[in-house]
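Model, not experiment: these values are computed from the prediction. All heavy atoms count here, side chains included; hydrogens, waters and symmetry mates do not. Order of listing sets the numbers, starting from 1, for every ligand and every atom in it.
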Amino acid sequence: WLKPGNKIIQAKLVLLGDTGTGKTSLVLRFVKGQFFDNQEPTIGAAFFTQILSLSEATVKFDIWDTAGQERYHSLTPMYYRGAATAIVVYDISSMDTFFRAKKWVEELQRQGNQNLVMALVANKWDLESNREVETQEGEQFAQESGMFYTETSAKTGENVNELFCEIAKRLAKAF
Ligand code: GDP
Ligand code: MG
């Protein structure tokens with residue numbers, strides 16, 4: 001199923017961001033195509049793999065989801081060590097989660113991994129009527145930080161596959 005000469009990239013992907021922003025939901029939407037409305041804030045430590053085939057490469061994501069440690073500010077650097085890509089998630093209906101996302105980005109930048117592909121994800125796009133964080137604020141911060149920016153809804157599925165495809169493309173370029 002692989003074309004000859006197609007690159008295969010194995011990439012550790014980590015999700016960061018406040019508890020309740022939809023990290024687990026984004027992963028489940030991407031990996032299983034499902035959304036759970038009354039999902040527990042976390043479903044426990046989770047590890048998923050998913051393969052995306054692009055024309056330029058095949059990317060195998062090793063996805064690390066938190067076990068909810070972010071709630072107690074006890075995520076250790078071990079969690080994101082060796083990551084090729086990081087998704088930092090906030091909830092457009094909560095300014096607090098945007099501030100926390102900024103903290104996570106700073107923390108990642110302190111690790112000094114120049115090649116890390118970073119995405120800033122404004123999730124819960126379907127809650128537009130409760131929006132506290134304007135698109136422009138997110139975009140501007142992402143641009144200053146060398147990340148790409150997108151708005152998603154794990155609930156409706158909007159932009160979720162596109163997010164992972166964009167990451168895969170950037171990894172294919174970087175590797
Ligand atoms: P995590 O703590 O960051 O992993 O967040 P979860 O994925 O557990 O989601 C927390 C809550 O937000 C759950 O009740 C989800 O159903 C809900 N949720 C997640 N993504 C969305 C979304 O895009 N829109 C809406 N309306 N709710 C969402
Ligand atoms: Mg979770």
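The shortest side-chain heavy-atom distance between Leu171 and Phe61 falls under the 4.5 Å cut-off.
Each of the following atoms of ligand 1 lies closer than 4.0 Å to a heavy atom of Lys23: 1 (P), 2 (O), 3 (O), 4 (O), 5 (O), 7 (O). Below 4.0 Å from some heavy atom of Ala154 lie the following atoms of ligand 1, by number and element: 20 (N), 22 (C), 23 (O). Under a 4.0 Å criterion applied to the non-hydrogen atoms of Thr19, ligand 1 contributes the atoms 2 (O). Within ligand 1, counting atoms from 1 as listed, the ones closer than 4.0 Å to a heavy atom of Asp18 are 3 (O).
Between atom 18 (N) of ligand 1 and the options Lys124, Lys155, Arg29, the minimum heavy-atom separation is to Lys124.
At a heavy-atom cutoff of 4.0 Å, ligand 1 is contacted by the side chain of Asp126 but not by its backbone. Counting heavy atoms under 4.0 Å from ligand 1, residue Asn123 touches it through the side chain alone. For Phe35, every heavy-atom contact with ligand 1 shorter than 4.0 Å involves the side chain, none the backbone. When non-hydrogen atoms are compared, ligand 1 lies under 4.0 Å from neither the backbone nor the side chain of Leu15.
No donor-acceptor contact under 3.5 angstrom links the side chains of Asn123 and Thr21, judged on distance only. Side-chain contact check for Gln140 and Glu144: at least one donor-acceptor pair (N or O, by modelled atom type) lies under 3.5 Å. Side-chain atoms of Asn159 and Glu151 include no donor-acceptor pair closer than 3.5 Å.
Taking Arg170 as the reference, Val117, Phe148, Glu166 meet the side chain to side chain contact (heavy atoms under 4.5 Å, CB included) condition, with sequence neighbours excluded. Checked against side chain to side chain contact (heavy atoms under 4.5 Å, CB included), Ala101 has the following partners two or more places apart in sequence or in another chain: Val88, Tyr90, Leu120.
Because the distance cut-off is set at 2.8 Å, Thr19 fails to qualify as a neighbour of the Mg ion (ligand 2), as none of its N, O or S atoms comes that close.
Under the 3.5 Å distance criterion, the side-chain polar atoms of Thr97 are matched with a main-chain donor or acceptor of Ser94. Lys12 places a side-chain N or O within 3.5 Å of a backbone atom of Arg81 that can act as its donor or acceptor partner.
Using a 4.0 angstrom heavy-atom cutoff, Thr66 does not count as in contact with ligand 1.
A side chain to side chain contact (heavy atoms under 4.5 Å, CB included) with Phe164 is found for one member of Val31, Val59, Thr85, Ile87 and no other, namely Ile87.
Residue Asp65 places no N or O, backbone or side chain, under 3.5 Å from any N or O of ligand 1. Considering both main-chain and side-chain atoms, Asp37 comes within under 3.5 Å of ligand 1 through a nitrogen or oxygen pair. Every N/O-N/O distance between Leu127 and ligand 1 stays at or above 3.5 Å. Ligand 1 has no nitrogen or oxygen under 3.5 angstrom from a nitrogen or oxygen of Thr152.
Rounded to the nearest 0.5 angstrom, Lys155 NZ and Phe36 CZ are separated by 14.0 Å.
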